[in-house]
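What you see is a predicted model; the values in this text were computed from it and never measured. Both counts, for ligands and for their atoms, begin at 1 and track the order of listing. What's counted below: heavy atoms across the whole structure, side chains too, no hydrogens, waters or symmetry copies.
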Amino acid sequence: MSPNGEAFSVAGKVAVVTGGYGVLGGDIASALAAAGAKVAILGRRREALDEKTAELRRGGGEAMSLVADVLDEAMLRQARDELQSAWGHVDILINAAGGNVARARNDTTSIFSVPLNAFDEVLRLNLHGTVVPTFVFGEAMAARGTGSIVNISSMAATQALSGVLGYSVAKAGIDNFTRWMAVEMARKHGGRIRVNAIAPGFFVTHQNRAVLLQADGSPTVRAQTIMAKTPMGRFGNPDEIMGAVQWLCSDSASFVTGAVIPIDGGFSAFSGV
Ligand SMILES: NC(=O)c1ccc[n+]([C@@H]2O[C@H](COP(=O)([O-])OP(=O)(O)OC[C@H]3O[C@@H](n4cnc5c(N)ncnc54)[C@H](OP(=O)(O)O)[C@@H]3O)[C@@H](O)[C@H]2O)c1
């Protein structure tokens, strides 16, 4: 297939976006809907789901709400059944639920002061919160022999980011899980189910705003350190993620699986020197 507009299209595909009313997940959901995909927003809060779904519909998109916690397998199975009754199948799963957990951080204290249950919480949210939806929706893709899964990794997966051990371990797990599932799907369920990840650099969202920006909007010391190691010298805009996500979900990426794509203004390429 030549890399023309059609090859990059996601029009008519059925997508599930976990964390789809969050900042990055929300932007991905909006962009997929604008590109003609049918988008199911999956999350825990009915009101936030319905608000996002209504926004997508106002923009002319086809959308539905799926109430589920990404750690609750029974709820996810019910969501999958609802989706399949409404739209028949699933083509795309974006695992965008996740983020840091404040009490698991040790920015100014020793790691030994972090309660183990806080470590466990952030690990489970970010790693199991990707694994469980992948098992539930990936199984439906396997039954049909086609699909694309996009996970969200982080700069924390490959370099030590101070203060966020549990999050970093979880995101490193996501990189490994992405490659493992890519191999499993291709070998056991045919070459048309692909599993990839994007690794965003730094974007200001709900879960990190207080860590990156002071009350007056100026950067914190941590944000200044991040900028110094980002060759482009700025935060990313959530809409800068979408090109890579749409490509990974489209037929133009038909031979791409097990990849983790940095979207980071050069952060991961730069030693800082
Ligand atoms: N922002 C960045 O710079 C950055 C960089 C690298 C990676 N990421 C990753 O990008 C992803 C999206 O994060 P974001 O920055 O856009 O944060 P965000 O705006 O806080 O979005 C996170 C979303 O996850 C949902 N969520 C949390 N726990 C959940 C659960 N148990 N079940 C279902 N949904 C749950 C939240 O819903 P509720 O509001 O209901 O909790 C929210 O919709 C995360 O995986 C994050 O680690 C972000």
Q.
Looking only at protein heavy atoms, which one is nearest to atom 39 (O) of ligand 1, and what is the separation?
A. Arg45 NH2, 2.8 Å
(Q) If the cut-off is 4.0 Å to any non-hydrogen atom of Ala96, which atoms of ligand 1 fall inside it? (A) 11 (C), 12 (C), 44 (C), 45 (O)
Q. In this structure, which one of Thr18, Val16, Leu32 forms a side-chain contact (heavy atoms from CB on, under 4.5 Å) with Ile94?
A. Leu32
Q: Check the side chains of Thr134 and Asn95 for a donor-acceptor pair under 3.5 angstrom, ignoring hydrogens and angles.
A: yes
Q: Would you indicate which of Met155, Lys171, Glu47 comes nearest to atom 45 (O) of ligand 1 when only heavy atoms are counted?
A: Lys171
Q: Indicate yes or no: does an N/O atom of Leu24 lie under 3.5 Å from an N/O atom of ligand 1?
A: yes
Q: Look at the side chain of Thr257 and the backbone N and O of Val195, then say whether any donor-acceptor pair between them is shorter than 3.5 Å.
A: yes
Q) Nearest heavy atom to atom 37 (O) of ligand 1: which of Tyr21, Tyr167, Phe203 does it belong to? A) Tyr21
Q) Which ligand 1 atoms, with their elements, are less than 4.0 angstrom from a heavy-atom of Ser153? A) 6 (C), 7 (C)
Q) Is the closest side-chain donor-acceptor distance between Thr178 and Asn151 under 3.5 Å? A) yes
Q.
At less than 4.0 angstrom from any non-hydrogen atom of Gly201, what atoms of ligand 1 do you find?
A. 3 (O), 5 (C), 6 (C)
Q: Ignoring hydrogens and angles, tell me if any N or O in the side chain of Asn126 forms a donor-acceptor pair with the backbone of Gly98 under 3.5 Å.
A: no
Q. Does any N or O atom in Leu125 lie less than 3.5 angstrom from one in ligand 1, N or O only?
A. no
Q: Answer whether the closest heavy-atom distance between the side chains of Phe137 and Leu76 falls below 4.5 Å.
A: yes
(Q) Can you confirm whether the side chains of Lys52 and Ser30 place a donor and an acceptor under 3.5 Å from each other? (A) yes
Q) Any N/O of Gly22 closer than 3.5 Å to an N/O of ligand 1? A) yes
Q) In terms of hydrophobic clustering (I, L, V, M, F, W, Y; side-chain heavy atoms under 4.5 Å; direct or indirect links), are Val10 and Ile261 co-clustered? A) yes
Q. Nearest protein heavy atom to atom 14 (P) of ligand 1, by residue and atom, and its distance?
A. Thr205 OG1, 3.6 Å
Q.
Considering non-hydrogen atoms of the protein only, which is the closest contact for atom 9 (C) of ligand 1, and what is the distance?
A. Ile152 CG2, 3.5 Å
Q. Does Gly43, backbone or side chain, put an N or O under 3.5 Å from an N or O of ligand 1?
A. no
Q) Are Met75 and Leu125 connected, step by step, through hydrophobic side chains (Ile, Leu, Val, Met, Phe, Trp, Tyr) whose heavy atoms are closer than 4.5 Å? A) no
Q. Does Phe235 have a non-hydrogen atom less than 4.0 Å from ligand 1?
A. no
(Q) Can you report which non-hydrogen protein atom sits closest to atom 23 (C) of ligand 1, along with the distance? (A) Gly19 CA, 3.8 Å
**Q.** atom 27 (C) of ligand 1: nearest protein contact (heavy atom, Å)
**A.** Arg44 NH2, 3.6 Å
Q: Below 4.0 angstrom from a heavy atom of Asp69, which ligand 1 atoms are there? Numbered from 1 as shown, please.
A: 30 (C), 31 (N), 32 (N)
**Q.** Neighbour count >12 (heavy atoms, 6.0 Å) for atom CZ, Arg222
**A.** yes
Q: Could you list the atoms of ligand 1 found under 4.0 angstrom from a heavy atom of Phe202?
A: 3 (O)
Q. Any N or O on Val70 sitting closer than 3.5 Å to an N or O of ligand 1?
A. yes
Q) Just how far is it from atom NZ of Lys38 to atom CE of Met64, taken to the nearest 0.5 Å? A) 10.5 Å
**Q.** Asn208 neighbourhood, listing ligand 1 atoms whose heavy-atom distance to it stays under 4.0 Å
**A.** 1 (N), 2 (C), 3 (O)
Q) In the protein, which heavy atom is nearest to atom 19 (O) of ligand 1, and how far is it? A) Val23 N, 2.8 Å
Q. Ion pair present between Arg77 and Glu139, side-chain N to carboxylate O less than 4.0 angstrom?
A. yes
Q.
Among all protein heavy atoms in this structure, tell me which lies nearest to atom 22 (C) of ligand 1, with the distance rounded to 0.1 Å.
A. Gly98 O, 3.4 Å
Q) Heavy-atom contacts under 4.0 Å between Ala97 and ligand 1: side chain, backbone, both, or neither? A) both
**Q.** ligand 1 versus Gln207: contacting region, heavy-atom distance under 4.0 Å
**A.** both
Q) Atom OG1 in Thr146, atom NZ in Lys13: separation rounded to 0.5 Å? A) 6.5 Å
Q.
Is the shortest side-chain heavy-atom distance between Phe235 and Met227 below 4.5 Å?
A. yes
